[in-house]
Amino acid sequence: MNKSMFETTEYTSRFLQLSEVKDYRQLVYAAERMYGTGGFGNSVAMCTALEGAAEVVIPEKAQYIRTILMELSMMQENLLRLAAIAETLNFDSLSMMCWTEREKILEILDDLTGNRMILSMCVPGGVRKSLDPEILEESLDELNVVMQKAETIKGIIAEDSMVKRRLRGVGVLAKEAAQGSSVTGPGAKGSGVDIDRRMLGEYGAYRNLDFVPVTETGGDCLARCMVKIREVIQSGELIRKAVENMPEGSIRSEMPAGINGEWIAKIEQPDGVDTFYISGSGSAFLDEIGVRTAGESNQKIMDRLENVTLENEALIRLTLGIDSCLKER
Amino acid sequence: MGVMKIGKSLMNSLFAEPETSKYPEGGLKLSKASRGSIVIDEEACTLCRLCGRRCPSGAIKPDRSQSRIMIDRMKCLVCGECVEECPEHALSMAREYVSPDPSVLVDVYRASARVGSDSVLQGIEMPPEEIVSSEEKIPAVSTKEVQRIKRKKKNKKKKKKRNKKRNKPN
């Protein structure tokens, strides 16, 4: 069986259908709405692909703003997933702790951009508006409080006996199996494979903020949860670095009227790598669009896992990021 | 130790304020960078229709023949594309929240239309029948393909009717 690279689900194809009547600037908003809880990554992927195809270099400051917003939305998404995992464990107080911290991050996003989840900030050629430095400083103080709480949550996941009993040794993915498969995100990082699209510096200002991807060696559900909470803490540090190093200058460069060329953009998201492919032949309407979300590529390793039982299936799917009800909207 | 921990977190959660606000009772708290809603300066608008062309959701619809602009508040994403595009700076974002009224989905504004000779219409209040209500929906943007499909469907229906008529006498 030779499956095509871009398998589409019913909901994603609705976006593809929309691409027939909307031009490329309008499509960025449609891409952002494909994914309910944090579409900013999708809009960054779409814009990166468009800029790559049109051979436009966007200003440095716009890259930094994209990085800050991207990390904030990754933080809230990781916390949302941890809250869902804790709820599956029937550990309600941990779940509520995660929801509370997520609410604070959503308020920070609201103060910075004017929207909570679907930000409408990323446009082809840069960002819509620059971030107010005073509000940025205030939100950094709020972020410190979130980071302290994240350390507490990390301690609970690492030490609590109930969490350990349910998660340790469940759905083990060996390092060799992870390397030879299409798994990305916490599934790969939890098994000790340090792949991270941010390290390549294709998008954002990650090249200037030196960091090492979070990895764990367990390969089980506990290791994947630890990757998620450690990524929250890492995102906070990256935001602080990005705010310190933010350059001055313009935030937008001009885009041509039509797109001529093709490009593939791959963006690191909390579940793994999202792929966007676009191609155009000189007009404002694109010829082809392909979308492959992380959930689809992660789904194919379910048969390589060890110690999978019916009662643990929900936990395994949540930790690996195979949740098509949250994705592919 | 365990009891101390439980007691501490219990006291914290008993006396702490809730993170979320009760929306209709507590009132709306606008954020520092709130985008609010789109406002039209009706005097400055020349009905160039650039805003309608740029809008990603088709929420803003300038109508040159009747010299008016319609905004569907439920469709509007408040992205700001139209504000950036407007050459006359007639559109702006006001930092206030317009609560969507389910009875009237489309707000109608009267543009001055300095371009044409329709300026006679200026200052006359619009009769209530002309205001678009929720029942009267604005047709969506139809491409040539959509129109073709519609025509095919119509033809099919006609064929069916014809066949029925033919079959009846038998």
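In what follows, every chain begins at residue 1, and chains take the letters A, B, ... in the order their sequences are listed.
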Which atom pairs, donor and acceptor, lie under 3.5 Å between side-chain atoms of residues 108-128 of chain A and protein residues at least two apart or in another chain?
| residue | atom | partner | partner atom | Å |
| --- | --- | --- | --- | --- |
| A:Asp110 | OD1 | B:Ser31 | OG | 3.1 |
| A:Asp111 | OD1 | B:Lys32 | N | 3.3 |
| A:Thr113 | OG1 | A:Leu109 | O | 2.9 |
| A:Thr113 | OG1 | A:Asn115 | N | 3.2 |
| A:Thr113 | OG1 | A:Asn115 | O | 3.1 |
| A:Asn115 | ND2 | A:Ile118 | O | 3.1 |
| A:Asn115 | ND2 | A:Leu119 | O | 3.3 |
| A:Arg116 | NH1 | A:Glu103 | OE2 | 3.3 |
| A:Arg116 | NH2 | A:Glu103 | OE2 | 3.4 |
| A:Arg128 | NE | A:Ser120 | O | 3.4 |
| A:Arg128 | NE | B:Cys79 | O | 3.1 |
| A:Arg128 | NH1 | B:Cys79 | O | 3.2 |
| A:Arg128 | NH1 | B:Glu84 | OE2 | 2.8 |
| A:Arg128 | NH2 | A:Tyr29 | OH | 2.4 |
| A:Arg128 | NH2 | B:Glu81 | OE2 | 3.3 |

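- Atom CD1 of residue B:Ile6 and atom OG of residue A:Ser93 lie 9.5 Å apart, to the nearest 0.5 angstrom.
- When heavy atoms are compared at a cutoff of 4.5 Å, B:Arg53 approaches chain A solely by way of its backbone atoms N, CA, C and O.
- In this structure, the side chain to side chain contact (heavy atoms under 4.5 Å, CB included) partners of A:Ser130, at least two apart in sequence or on a different chain, are A:Lys61, A:Ile65, A:Ile251.
- Counting non-hydrogen atoms of other residues, nucleotides and ligands closer than 6.0 Å to NZ of A:Lys149 gives a total of 12 or fewer.
- Summarising the local packing, CD of B:Glu25 is surrounded by more than 12 heavy atoms from other residues, nucleotides or ligands at distances under 6.0 Å.
- Within the 4.5 angstrom heavy-atom criterion, no atom of B:Ser13 approaches chain A.
- Distance alone, capped at 3.5 Å, is enough to place a donor-acceptor pair between the A:Gln26 side chain and the B:Arg54 backbone.
- For A:Glu134, no part sits under 4.5 Å from any heavy atom of chain B, backbone or side chain.
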